[in-house]
There are 2 protein chains.
Amino acid sequence: MAAGTKRRVRMSDVAQVAGVSLATVSRALRFPESVSQELRGRIETAAQRLGYAPNRIAGSLAGAHSPLIGVIVPSLTNAFFATTLERMTVTLEAEGFQLLIGHHGYDLAREARIVSAFAGWNPAAIVVTGLDHSRETVAALSAADCPVVEMWDLDGHPLDALVGFSNTEAGRFAGRHMARAGYDRIAVVCSTPDKDPRAAARARGVLEAHAEATGGRGKAALISVDGRELGCGALGLDKALTEVPDLRAIAFSGDMLAVGALFEADRRGIRVPEDLALVGYGDLDIASNTNPPLTTVRPPRGEIGTAVAEHILKRLKDPDRSGEIVTLNVEMVVRDSG
Amino acid sequence: MAAGTKRRVRMSDVAQVAGVSLATVSRALRFPESVSQELRGRIETAAQRLGYAPNRIAGSLAGAHSPLIGVIVPSLTNAFFATTLERMTVTLEAEGFQLLIGHHGYDLAREARIVSAFAGWNPAAIVVTGLDHSRETVAALSAADCPVVEMWDLDGHPLDALVGFSNTEAGRFAGRHMARAGYDRIAVVCSTPDKDPRAAARARGVLEAHAEATGGRGKAALISVDGRELGCGALGLDKALTEVPDLRAIAFSGDMLAVGALFEADRRGIRVPEDLALVGYGDLDIASNTNPPLTTVRPPRGEIGTAVAEHILKRLKDPDRSGEIVTLNVEMVVRDSG
DNA sequence: AATTTTTCTGAAAACGCTTTCAAAGTTGGA
DNA sequence: TCCAACTTTGAAAGCGTTTTCAGAAAAATT
């Protein structure tokens, strides 16, 4: 436990025991096929017996890139990104990569600092969330000199590769659904649209599609709240109710907001959906469990993780794939709340 | 973007521009005080102008340890660990450390593999969740030859340092509370007690304290469910109701289970707490928002992250602190559900 | 049997920093 | 003025791999 106790087994130790050179051990371990059957056996046995574990730091210095992949998300406590990260980890870990995870809380300046820090690790790739970045981030990303993948968005111009879905379209699904269900006076409750461009895009989508689908006869109000938590949903409901007369339905930029509003409606004796319809976004586990279960839009949160990981894997083998765009789809999940 | 475009600025470039040696640049950057005022200025200007960013890989190879800290949690999608990770990241990032995050889904064999993988990065410290580890994990941890911190538990014997709270005690809070509130026939719904030793410890705590506080007159049943999600809570409610006659209260190993049960109770027309009291664990954001709000036990989830980070920081400066134990407290949050 | 290919293997040069050790330069006291 | 003590700087030796290049051995060809 205490540092400096015993000397770690090095590749040269394995080489000595196996009676071969360092170079051969390296090859045998990295490209087993490139070494004769017999040596491979001897080397693997020696490595096993000595309990050799390669020093990744040394390997990364000698190689062109490290098997590190930097991933930057807005937040770790957000179930969306957590799912994406989990899936990415699983796929990439299996190929010997290790994730370097950073989060910036929707602060673009912090994003830039994290990218710079990651670049110092000479990563095999860097993944960032969204398409909105500061000049500094873009500069740091290009200085990192490795594949860059943007994810979770599709509404904009990527720097390099892109894996995501259209948040505008996600909003449009909800807006269209509400119009078709006959709700012509609606509100959209959106959390920090100034800081979260994807939430803002969804809100815009709802508004647009609702206007189109009602032939302009519908009325819709945009209401912003200062957070993504349940409490803000309750607050949003309150605001919407006071600001919009004859309100029939509310779309939210996230399921937690919608659930918070659902609870608040219950407290106020407002029946959902009879008096007021509620539509969320996210299809979190809770959405299917509330009373009534929540109508929502499901983003491909796990799929993004897998797709990003797979893209990176393919890309590292075949650099021609730079600039690839992977489009994933959103799904309208109609339940009873609206 | 494409690999191999331009040469990265090296420390030797800075040295050349500043007209000093490599060694001096290294010193100036790492220990500004150890270099004369004038040189420091020249070197910093040069570094700035060239846009020098240190190569962490090279630095780590030359130094004794890398500024990487490995952290292993059961799951990233679990709000408890996500909060801990967020706090750890913030504190450690400020000191120039970078987290290597791994998750094993309560699978001890995977934990061992992750520890081994982390050890290859020569990390400054490794943090693992809980006190239950396989022989292989313990071996890999000791081979890593760096400080080890176990977190989130206190019921057992640590390998080295420990930052956590007693899950048994957390359970005891709930059990005692239920007994005092006059609920003598209770059930404990616990998710995968065979795989999650902390959940099992909490369940045990509830049972013990309830038996003590009711003077043995109380009856309590342990019911296990196969997951931590809302749906399992509903299932747990159902099982408890059929298995325990005259059931008055249920304690859950997690808030999501409790909320799921609350929803299910609502569907069945069971009044909470009049017909049945519900107690959770976790004090997730949702706990204070449900109808009725959930009585629960609050673990120090953010505090653990901060405390672990601070411990590591102190420890790296002062190796004598090995074996330190930081005890944090749990809090009973009484609301309306039980 | 003598060559030419092809397959394996090892020596040695990076990779970009940290750190030790000694030399050079400064300061202050005798 | 000279020497001791201290401060500041630079040369060079790693850190543990990967990878290139060339030589040795084995296989295939004439």
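Just so we're on the same page: letters track the sequence lines, and every chain starts at 1. Worth saying up front: this structure is predicted, and the values here are computed from it rather than measured.
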Seminar exercise, completed: Closest to the 5' end of DNA chain D, once B:L22 and B:A62 are matched to their nearest nucleotides, is B:L22
Problem set entry | Side-chain (A:T91) to main-chain (A:R87) donor-acceptor, under 3.5 angstrom | yes
Exercise. To the nearest Å, how far apart are A:L29 CG and D:dT18 C1'?
Worked result: 12 Å
Exercise. Going by an N to O cut-off under 4.0 Å, is there a salt bridge joining B:R40 and B:E44?
Worked result: no
For this session: Check each of B:E111, B:R198, B:K195, B:H103 against B:P74 using the side chain to side chain contact (heavy atoms under 4.5 Å, CB included) test, and report the only one that passes.
Result: B:R198
Problem set entry | Separation of atom CD in B:Q37 from atom P in D:dT7, rounded to whole Å | 17 Å
Exercise. So, is B:Y52 near the phosphate of C:dG16, with a side-chain N or O under 4.0 Å from OP1 or OP2?
Worked result: no
Seminar exercise, completed: Whole-Å distance, A:F31 CZ to D:dT17 C1', equals 13 Å
Exercise. Counting only distance, no hydrogens or angles, is the base of D:dG16 paired donor-acceptor with the side chain of A:R56 under 3.5 Å?
Worked result: no
Problem set entry | Short side-chain to backbone donor-acceptor contact, A:T77 and B:A82, under 3.5 Å | no
Problem set entry | OP1 or OP2 of C:dC15 under 4.0 Å from side-chain N/O of B:R8 | no
Problem set entry | Length of the CD-P vector between B:Q16 and C:dC17, whole Å | 14 Å
Problem set entry | 5' precedence on DNA chain D between B:L61 and B:E38 (nearest-nucleotide basis) | B:E38
Exercise. Just how far, in rounded Å, is C1' of D:dG10 from CD1 of B:I43?
Worked result: 12 Å
Exercise. Quick one: is A:T24 getting a side-chain N or O under 4.0 Å of the C:dG10 phosphate, OP1 or OP2?
Worked result: yes
Exercise. Taking the six-membered ring for Trp, are B:F165 and B:W152 parallel (under 30°), tilted (30 to 60°) or perpendicular (over 60°)?
Worked result: perpendicular
Problem set entry | Expected output: side-chain A:E86 to main-chain B:L76 donor-acceptor under 3.5 Å | yes
Problem set entry | Of the listed nucleotides C:dG10, C:dT18, C:dC8, the one nearest the side chain of A:V20 | C:dG10
Exercise. Of all the nucleotides listed (C:dG16, D:dG16, C:dT18), which has the minimum atom distance to the side chain of A:R10?
Worked result: D:dG16
Exercise. Under 4.0 angstrom, heavy atoms only, what part of the nucleic acid is A:L39 near: base, sugar-phosphate, or nothing?
Worked result: sugar-phosphate
Exercise. Given D:dG10, D:dT19, C:dC17, which nucleotide is nearest the side-chain atoms of A:A23?
Worked result: D:dT19
Exercise. Are A:S36 and C:dT9 close enough that a side-chain N or O sits under 4.0 Å from OP1 or OP2?
Worked result: yes
Problem set entry | Whole-Å gap separating C1' (C:dT9) and CZ (A:R30) | 17 Å
Exercise. What nucleotide, of D:dT9, C:dC17, D:dG16, holds the atom closest to the side chain of B:V35?
Worked result: D:dT9
Exercise. Atom CG of B:N55 to atom C1' of D:dT17: distance rounded to whole Å?
Worked result: 14 Å
Exercise. Within the pair B:R27 and C:dT18, is there a side-chain N or O less than 4.0 Å away from OP1 or OP2?
Worked result: no
Exercise. Is the shortest side-chain N/O distance from A:S26 to OP1 or OP2 of D:dT18 below 4.0 Å?
Worked result: yes
Exercise. For B:M11 and D:dG10, what is the distance between atoms CE and C1' respectively, to the nearest whole Å?
Worked result: 14 Å
